[in-house]
Amino acid sequence: MNIINQKNFILSSTIYFVSLLIFKTVDFFTKAYIGRNFGPEELGIFNVFISLIFVFSIFIMLGLNMGVKRFIAELYDNEKEKTIVVFLKSVFVVILNSFLIMSFLILYKNFFIEFLLINPCIFKYLLLSLPLYSILQIFINTFEAMNIIKYSIIFEKIIRPFLFLFSIFVIKFFNFNYEYIYFSYFFGLLLIVLLFLIPFLSAYKKVSIRMDLFPLKKMLTYSIPLMFNAIFYILPLNFGVLFIQYYYSSIYVGFYSAALEISKLITFVIVVISPLFFTICIKFFAEKKLFKLNLFYQSVSTVIYFITLPIFIIFFMFSGNILNLFGVEFINASYMLKILSVGFFIDALVGPVDLVLNAQDRTRLVLQNSIISFVIGFLFLFLFLNVLGIYSIIFATFIIISIQNILGAIEIYFLNKINVLNLKKLIYFIILTLFSIFAYFIFNNVNFVFIILIILFFYTIILFKFEKNYLKKTIFIIKSS
């Protein structure tokens with residue numbers, strides 16, 4: 001990577017990092033606002049709606065959202081006329097599959113309305129949103145493959161979430177029917193797809209179109225296996241929502257959704273650094289610099305652990321207080337938050353292990369880990385559903401999250417000789433846990449925010465006292481990568 005490209009890469013990565021940070025933050029506060037102002041039942045129904053879009057869009061896209069990213073990245077510089085064919089054929093498949101999936105949903109409309117408690121109006125917006133969401137993913141990956149990330153950032157990461165949040169403010173302020181939430185979600189998708197058309201048509205206005213230039217079979221051969229990867233990535237985070245809605249009610253989905261949204265903040269750092277981290281790992285692997293790749297992974301995973309450790313302890317100890325962000329009723333989800341927080345902390349403990357395996361062309365191992373953890377989680381759910389009730393679904397989600405990452409950590413240990421579970425991490429876990437318990441009992445009658453500040457202050461002092469040189473070395477390794 002030459003100096004100019006490296007500077008552009010760092011700038012693009014920084015901009016993307018900031019935009020993703022904004023997107024995730026706005027998304028979190030949007031759901032918190034829905035929960036606080038519309039109640040757990042409406043938050044539950046909204047999350048069922050979103051989960052159904054995520055799940056069915058996998059089958060609509062057939063992995064082509066990732067397929068276009070690879071093919072267009074390879075062809076854009078030298079064979080631009082082929083990239084337009086790749087895009088158009090992908091959109092054609094998505095539209096065709098959308099009609100098939102929509103027909104299936106209409107055929108089983110009564111099931112979704114009666115058993116998942118989705119009213120006909122919301123079901124209508126589900127049908128309308130599915131093709132738009134899928135086409136939007138094709139657009140986003142196309143522009144990222146063309147190395148034009150500004151449209152993805154402006155349209156998808158900034159305009160759409162802020163527009164949706166603003167529309168919810170308006171709905172609440174004027175006391176509109178809550179069903180307008182689903183209209184505003186659909187309208188946001190439609191608007192962004194239309195906005196993407198402008199730069200797309202500009203980029204390809206002088207390119208001739210010949211549909212025989214790139215075979216659809218080649219695209220599907222590559223993309224369909226990616227669809228199965230997506231199934232076992234998306235389903236674990238969404239099956240809990242659908243199962244709770246089916247066996248219990250929207251109110252419990254609302255509780256679960258609040259606990260899930262908060263616990264996912266433990267892996268927030270991993271999510272926002274993933275694009276940059278994955279790109280650097282691929283670069284090291286392609287250049288056969290495995291020592292650098294291992295050192296980079298160890299450094300990043302250690303920093304992630306240091307950041308997420310106090311977040312996990314705070315979420316675990318003050319789960320009820322934290323859930324109050326969504327509203328007083330959500331305190332009922334306190335134990336859900338504790339269980340899910342442990343699962344996501346295990347994810348943070350091993351670091352972005354799946355990305356390291358993928359960068360080393362070990363995608364089969366990642367898929368295998370996903371399938372094993374998913375099957376174990378499902379078996380646990382059905383064996384203990386009558387015994388543990390709703391908590392069987394919570395523990396099943398915990399099992400899926402944790403086992404997948406534990407398996408990845410074991411494989412990294414044998415493949416790369418990296419041990420992510422070292423004595424240093426254990427010592428800091430014990431010290432901070434004991435101090436947090438001590439602070440909790442000493443300042444029990446004080447506002448919980450004050451206790452959290454004391455915990456963070458103590459943790460910052462011991463970290464910089466004993467790990468200052470190590471942190472400097474780690475930051476240098478990350479920068480030099």
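Keep in mind that what you see is a predicted model, and the values were worked out from it rather than measured.
Between Phe312 and Phe345, the ring centre distance stays below 6.0 Å. Separation of the Phe255 and Phe326 ring centroids does not fall under the 6.0 Å cut-off. Between Phe87 and Phe139, a ring centre-to-centre spacing shorter than 6.0 Å is recorded.
Other residues, nucleotides and ligands contribute at most 12 non-hydrogen atoms within 6.0 Å of the CZ atom of Phe414. Crowding of Phe23 atom CZ: a count of heavy atoms from other residues, nucleotides or ligands under 6.0 Å exceeding 12. The number of heavy-atom neighbours closer than 6.0 Å to CZ of Phe49, taken from other residues, nucleotides and ligands shown, is above 12. With a 6.0 Å radius and a threshold of 12 heavy atoms from other residues, nucleotides or ligands, Lys24 has its NZ atom at or below the threshold. Counting heavy-atom neighbours within 6.0 Å of Phe380 CZ, excluding the residue itself, gives a total above 12. For Tyr246, the OH atom is loosely surrounded, since the number of other residues' heavy atoms within 6.0 Å does not exceed 12.
Residues Gln368 and Ile372 are in side-chain contact: their nearest non-hydrogen atoms beyond the backbone lie under 4.5 Å apart. For the pair Ile122/Phe46, no side-chain contact is recorded, criterion being any heavy-atom separation below 4.5 Å from C-beta on. A heavy-atom distance below 4.5 Å is found between the side chains of Ser301 and Tyr297. For the pair Ile307/Phe268, no side-chain contact is recorded, criterion being any heavy-atom separation below 4.5 Å from C-beta on. In this structure the side chain of Phe344 never reaches within 4.5 angstrom of the side chain of Thr308, judged on heavy atoms. At least one side-chain heavy atom of Arg160 sits under 4.5 Å from a side-chain heavy atom of Tyr185. In this structure, the side chains of Phe315 and Ser263 stay at 4.5 Å or more apart for every pair of heavy atoms. Contact of the Leu96 side chain with the Val93 side chain is not registered, since no non-hydrogen atoms from C-beta on lie closer than 4.5 Å.
To the nearest 0.5 Å, atom CZ of residue Phe196 and atom CG of residue Leu191 are 11.0 Å apart. The CG atom of Asn238 sits 8.5 Å away from atom CG of Leu52, with the distance rounded to the nearest 0.5 Å. One finds the CD1 atom of Ile192 at 11.0 Å from the CG atom of Leu132 (value rounded to the nearest 0.5 Å). The OG atom of Ser98 lies 11.0 Å from the CG atom of Leu128; values are rounded to the nearest 0.5 Å. Between the CG atom in Leu165 and the OG1 atom in Thr30 there is a gap of 4.0 Å [rounded to 0.5 Å]. Rounded to the nearest 0.5 angstrom, Leu130 CG and Leu189 CG are separated by 9.5 Å.
Checking Tyr33, Phe29, Phe164 one by one against Phe169, the ring pair (Phe, Tyr, Trp, His ring centres under 6.0 Å) holds for a single residue, Tyr33.
Phe104 and Tyr108 have tilted rings, their planes meeting at an angle from 30° to 60° on a 0 to 90° scale. Ring geometry for Phe395 against Phe398 counts as perpendicular: the plane angle is over 60°, on a 0 to 90° scale with 30° as the lower cut.
Identified under the salt bridge (charged side-chain N to carboxylate O under 4.0 Å, His left out) test for residues 233-249, with sequence neighbours left out: none. Identified under the side chain to side chain donor-acceptor pair (under 3.5 Å) test for residues 397-417, with sequence neighbours left out: Tyr256-Thr397, Asn294-Asn416, Asp354-Gln404, Gln360-Asn416, Asn369-Glu411, Ser370-Gln404.
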Residue pair Phe162, Phe166: steps toward the ring pair (Phe, Tyr, Trp, His ring centres under 6.0 Å) verdict: CA-CA 6 Å; Phe162 275 107; Phe166 175 74; over 10 Å; no

Step-by-step ring pair (Phe, Tyr, Trp, His ring centres under 6.0 Å) determination, Phe378 to Phe382: CA-CA 6 Å; Phe378 254 97; Phe382 288 114; 5.8 Å; yes

Stepwise side chain to side chain contact (heavy atoms under 4.5 Å, CB included) test for Leu325 and Phe330: CA-CA 9 Å; Leu325 283 169; Phe330 289 90; over 6 Å; no

Evaluation steps, side chain to side chain contact (heavy atoms under 4.5 Å, CB included), between Phe59 and Asn97: CA-CA 8 Å; Phe59 300 99; Asn97 282 345; over 6 Å; no

Test log, rule side-chain hydrogen bond (donor to acceptor under 3.5 Å, both in side chains), inputs Ser250 and Gln245: CA-CA 6 Å; Ser250 303; Gln245 179 74 351; 3.1 Å; yes

